[in-house]
Amino acid sequence: MADAIRMIDLYVMGKQYTVPETLTIIEALEYAGYQIKRGCGCRAGFCGACATVYRIAGDFELKVGLACQTKVEPGMYLAQIPFFPGRKALFDLERIRPSVADFARLYPEVFRCLGCSSCTKVCPQDIDVMQYIAYLQRGDFARAADLSFDCVMCGLCVSRCPAHIVHYNAALTARRLYSRYLAPPDAFLKERVRAIEAGAFDHELQQLIDADKTRLQELYNNRDIE
Amino acid sequence: MVYTPHLQELMKKVEETRPSRVGVHYPRMTAAERQEVLRRFHPDFIEAGFRQLQVGVDKGSRVPLEMADILEAGSRLRGAALDLNRCAYDVDVLVIGGGGAGASAALEACAAGVSVMVATKLRFGDANTMMAQGGIQAADKPNDTPCIHYLDVVGGGGFYNVPELARALVMDAPLVIEWLESLGAMFDKKEDGTMNTIHGGGTSRKRMHAARDYTGAEIMRTLRDEVYNRGIKVVEFCPAVELLLDSSGRAAGAVLFNLETEEYLIARAKTVIIATGGSGRLHYQGFPTSNHYGATGDGLVLGYRAGAKTIFADSIQYHPTGGAYPPQLLGLLVTEKTRGLGGTPLNINGAQFVYHLETRDVESSAIIRECKERGLGVPLPTGSTAVWLDSPLIELTHGEGTIERQLPAMLRQFARFGVDIRKEPMLIYPTLHYQNGGLLIDEHGRSTVENLYVAGETAGGIHGRNRLMGNSLLDIVVFGRRAGRHAAARSGEVRPDGFSLEHVWNYEKELESTGSAGGRVAPILLPRYTHR
């Protein structure tokens, strides 16, 4: 039942290799003989370690993507981005507030956006990056937090930005500000934390710890399920 | 459409049966049925996949072959020119590993006012934490209590859990949610602030908190950001390859290896926290894995050589829903939240064969049984078999748009390789997911070696022989914080002297005397997937 796998030619940093067409870029690099140190992380599209630049032979366009989330194509010219020296503003979350003034002190470059939309075009998560930058300029942290949420911090936006904005770090700060100061708190959570700290469950839990296995099994097998 | 004509034909059966399955509750297994399916089909019961350790503090205990291979291996430092007195770093608390446990430990140790350093193999945050999608458990609803959570934890763990560790886990859980929120982690909430919570496999209350299906990523990036804000020293691409002990046999630092310059660097410390994560990249029994690239069991090797005891090291978790097709998704995690939202596993006839929220060990075993014994798996073009996971049923049950809102990562990931999970069911098979056991700790995160702490997936005892969904993100923060606090306090009391690697050379001698080294060297640090 297994179908024969077709082989294709591509180029890793200029050298030609022949690899199975079913591979992702990461797998193709490995198939070609590379043991990757930088530029490989979760291999599942969550960590942003494997930002990659490529071009297809015959085309002028430089394309980008996550190497673990992009299938190889014939004639690809591949390169990994090992590290991107983007700036992160340091702050004490307890001493700043979700205001345009505070935010502008941390990330003044956000207000220099040229509106070119390079960031949005390049985002492998298809996030409208430029739009959340606009929200940040207006101090709309709730919308910026929501829109930027799926960011994997791969840095491709930063690599293309003519205004030198570090979008992913600015967005993370916005999300932390939103969650800390603007999201409504869960009323019962605080009550539960206080009850635990006051020892409200200590006795009942000790009884479970002291129970023998038969008793625990009985309790477990007959517990009511929501 | 990436499914072959044959798969499309088979998919029609899923579509035919779907209307009749909406809102229908498939029965849960009885306790006896659960035992039976585990014994006959769980990989932990396949004896050919295990052997007994010949050396070390747990000599005679049973571990997976691939784990035995790294534990019974020589040191990378044999023959290396090394001056233990030339110290590159000297700190109070050394944290080895830059995932969620390491970051939590570093933050607490820093808050205690001592000097802390994080040494990590890849980038800070490159860890299984980042990939955890579905959620984090905490009993913070009026109809729930830490005691109910406790019963779920120990029942799910087969009643093997170390009780004090399970207690710490459930009691700290609401505190952890509050702490993470105070740091600005964004959990899914209703308009009035009430946390959105759902079921996971084996939970008796809806206590799974989520941040879409990027829960671990949200926790990791928040913790990492805060570690940087506090000015904690982080050294990336520098895995530890051995622990240093002092003349009294207490942990007192580590030898780090700069992956890029290939230099060895001495890091001295008063206390050491191992937080290096799991070992999925060892591919036990040939399984693909959902784990991070760096999950090569390094901490087990370091700790075991230094004399730290293990617990349940032979207990491995296979996540029921790993990607099976298309091949680019092989082994990748399909979050349990997919089942939490009502996605159900189906066989080749489009029929459900197991309750969709059994504990992971039971659910995986039932899927293996459906394919291997009953022959009702879906044959794949790659030559292996799988079962369907009916994701479109979620849209039918909870309304259109649910997948886009609740499972954006899954939707995106499958779409990249040509599957629209809103309309087409996924093809899944169990994938190697988690190391249930590890180095034995107590409720402060202390290992059996003095001044050596362990937190996160490297630690064992908390989850017994099967961890529930949402208890790992919880565990790394609970025990990371506990270890960080205790290690910081302890660091004020110790004055290590006489740094040595004698324990490593002694271990090697024991290894040679049994003839079980086999020329291997560990920790392996990176898996090797090169084809030539």
Side-chain angles (χ1 to χ4, degrees), chain A residues 1-3 22-24 27 30-31 33-35 37-38 40-47 49 69 71 88 90-93 125-126 145 149-150 152-153 172 175-180 183-190 192-193 196 201 204-205 208-209 213 216-217 219-221 223-226, chain B residues 31 122-123 126 130-131 140-143 145-147 150-151 154-155 159 163 167 171 174-175 177-178 181-186 189 192-195 204-206 212 214 217 221-222 225 228-229 259-260 292-293 327-328 332-333 379 381-383 408 412-413 416-417 526 528-532:
Chain A
M1 171 89 211
D3 299 339
T22 54
L23 303 184
T24 62
E27 291 167 337
E30 289 170 340
Y31 190 91
Y34 287 80
Q35 188 181 37
K37 288 177 186 169
R38 286 189 184 258
C40 181
C42 74
R43 305 174 73 106
F46 285 88
C47 79
Q69 296 289 297
K71 214 174 133 183
K88 183 197 127 47
L90 300 178
F91 57 87
D92 179 343
L93 189 63
Q125 294 285 87
D126 298 320
F149 194 86
D150 295 359
V152 294
M153 304 178 77
L172 176 55
R175 289 193 301 272
R176 293 188 65 188
L177 279 167
Y178 168 77
S179 179
R180 173 68 184 82
D186 182 309
F188 191 75
L189 174 62
K190 290 221 174 314
R192 176 53 52 84
V193 167
I196 289 172
F201 302 99
E204 193 186 340
L205 208 92
L208 288 173
I209 287 180
K213 190 178 164 184
L216 273 180
Q217 277 174 327
L219 287 169
Y220 180 73
N221 290 329
R223 75 204 199 285
D224 64 302
I225 294 176
E226 181 181 3
Chain B
L122 300 168
R123 300 177 314 165
D126 278 345
M130 192 65 97
M131 311 171 70
D140 61 3
K141 290 290 164 76
N143 72 342
T145 70
C147 305
Y150 180 88
L151 203 54
V154 298
F159 305 96
R167 167 167 60 190
M171 289 290 232
L175 283 62
I177 299 291
E178 189 180 54
E181 268 209 302
S182 78
L183 294 175
M186 258 174 81
K189 293 175 149 195
D192 68 353
T194 309
M195 295 277 185
S204 65
R205 293 291 185 278
K206 293 178 181 172
R212 301 190 187 170
Y214 289 98
R221 62 199 182 190
T222 303
D225 200 55
Y228 285 136
N229 280 351
L259 274 181
E260 287 159 324
H292 192 276
Y293 185 50
Q328 299 83 26
L332 297 198
L333 184 65
T382 53
R412 187 176 277 128
Q413 195 169 60
R416 277 172 178 147
F417 301 111
L526 295 172
R528 190 165 278 283
Y529 294 126
T530 55
H531 288 227
R532 52 179 96 178

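We name chains A, B, ... by the order of the sequence lines, and we start the count at 1 in each one.
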Intermediate values then yes/no, side chain to side chain contact (heavy atoms under 4.5 Å, CB included), A:Leu177 and A:Leu93
CA-CA 7 Å; A:Leu177 279 167; A:Leu93 189 63; 4.2 Å; yes

So which part of B:Lys189 gets closer than 4.5 Å to some heavy atom of chain A, the side chain, the backbone, both or neither?
side chain

Which answer fits B:Arg221, side chain, backbone, both or neither, if we ask what part of it has an atom under 4.5 Å from a heavy atom of chain A?
both

So which residue, B:Tyr214, B:Tyr228, B:Tyr293, ends up with the most heavy-atom pairs under 4.5 Å with chain A?
B:Tyr293

Side chain, backbone, both or neither of A:Leu219 within contact of chain B (heavy atoms, under 4.5 Å):
both

With only heavy atoms counted, which part of A:Tyr34 is less than 4.5 Å from chain B, the side chain, the backbone, both or neither?
backbone

Contact class of A:Ala44 relative to chain B, heavy atoms under 4.5 angstrom
both

Region of B:Asp126 in contact with chain A, defined by heavy-atom distances below 4.5 Å:
side chain

Honestly, the part of A:Ile209 sitting under 4.5 Å from a heavy atom of chain B is both

When only pairs under 4.5 Å are counted, which of B:Thr222, B:Asn229, B:Asp140, B:Leu151 shares the most heavy-atom pairs with chain A?
B:Asn229

A:Arg43: which residues meet the salt bridge (charged side-chain N to carboxylate O under 4.0 Å, His left out) condition with it, sequence neighbours left out?
A:Glu30

Please list, chain by chain and in numerical order, all residues satisfying side chain to side chain contact (heavy atoms under 4.5 Å, CB included) with A:Gln217, sequence neighbours excluded.
A:Lys213, A:Asn221, B:Phe159

Any side-chain heavy-atom pair from A:Phe46 and B:Gln413 closer than 4.5 angstrom?
yes

Highest number of heavy-atom pairs under 4.5 Å with chain B among A:Ile225, A:Asp150, A:Val193, A:Leu216 belongs to A:Asp150

Spell out, as yes or no, whether a donor-acceptor pair under 3.5 Å connects the side chain of B:Gln328 to the backbone of A:Thr24.
no

Among A:Lys88, A:Lys190, A:Met153, which residue has the highest count of heavy-atom pairs closer than 4.5 Å to chain B?
A:Lys88

Worked check of side chain to side chain contact (heavy atoms under 4.5 Å, CB included) between A:Gln69 and B:Phe417:
CA-CA 8 Å; A:Gln69 296 289 297; B:Phe417 301 111; 4.1 Å; yes

Heavy-atom cut-off 4.5 Å, strictly under: side chain, backbone, both or neither for B:Arg528 against chain A?
both

If we define contacts as heavy-atom pairs under 4.5 Å, which of B:Met171, B:Glu260, B:Glu181, B:Arg212 has the most with chain A?
B:Arg212

Okay, B:Leu122 and chain A: the region with an atom under 4.5 Å from a heavy atom over there is side chain

dist B:Arg123:CZ -> A:Cys40:SG (nearest 0.5 Å) comes out at 10.0 Å

Contacting moiety of A:Lys71, where chain B heavy atoms sit under 4.5 Å
both

Interface residue of largest heavy-atom contact number with chain B, from A:Glu204, A:Arg38, A:Lys37, under 4.5 Å
A:Arg38

Contact origin within A:Leu205 toward chain B - heavy atom pairs under 4.5 Å:
both

Backbone of B:Leu183 reached by a side-chain donor or acceptor of A:Arg176 within 3.5 Å:
yes

Heavy-atom check, side chain of A:Asp224 versus side chain of B:Ser204, under 4.5 Å:
no

Most heavy-atom pairs under 4.5 Å with chain A, out of B:Thr194, B:Asp192, B:Asp225, B:Thr145, belong to B:Asp225

Can you tell if the side chain of B:Ile177 reaches within under 4.5 Å of the side chain of B:Met195, non-hydrogen atoms only?
yes

Bottom line for A:Arg223: the part with an atom under 4.5 Å from chain B's heavy atoms is side chain

With only heavy atoms counted, which part of B:Asn143 is less than 4.5 Å from chain A, the side chain, the backbone, both or neither?
side chain

Need one label for B:Arg205: side chain, backbone, both or neither, based on atoms under 4.5 Å from any heavy atom in chain A.
both

Examine whether an atom of A:Tyr178 lies under 4.5 Å from a heavy atom of chain B, and if so say whether it belongs to the side chain, the backbone or both; otherwise answer neither.
side chain

Closest approach of A:Arg192 and B:Pro146, non-hydrogen atoms and distance?
NH1-CD, 4.1 Å

Within the 4.5 Å heavy-atom criterion, are A:Ile196 and B:Pro174 side-chain neighbours or not?
yes

Any side-chain heavy atom of A:Tyr31 sitting closer than 4.5 Å to one from B:Thr530?
no

If I measure from the heavy atoms of chain A, does B:Tyr529 come under 4.5 Å with its side chain, its backbone, both, or neither?
both

Between B:Pro163 and B:Tyr150, is there a side-chain heavy-atom distance shorter than 4.5 Å?
yes

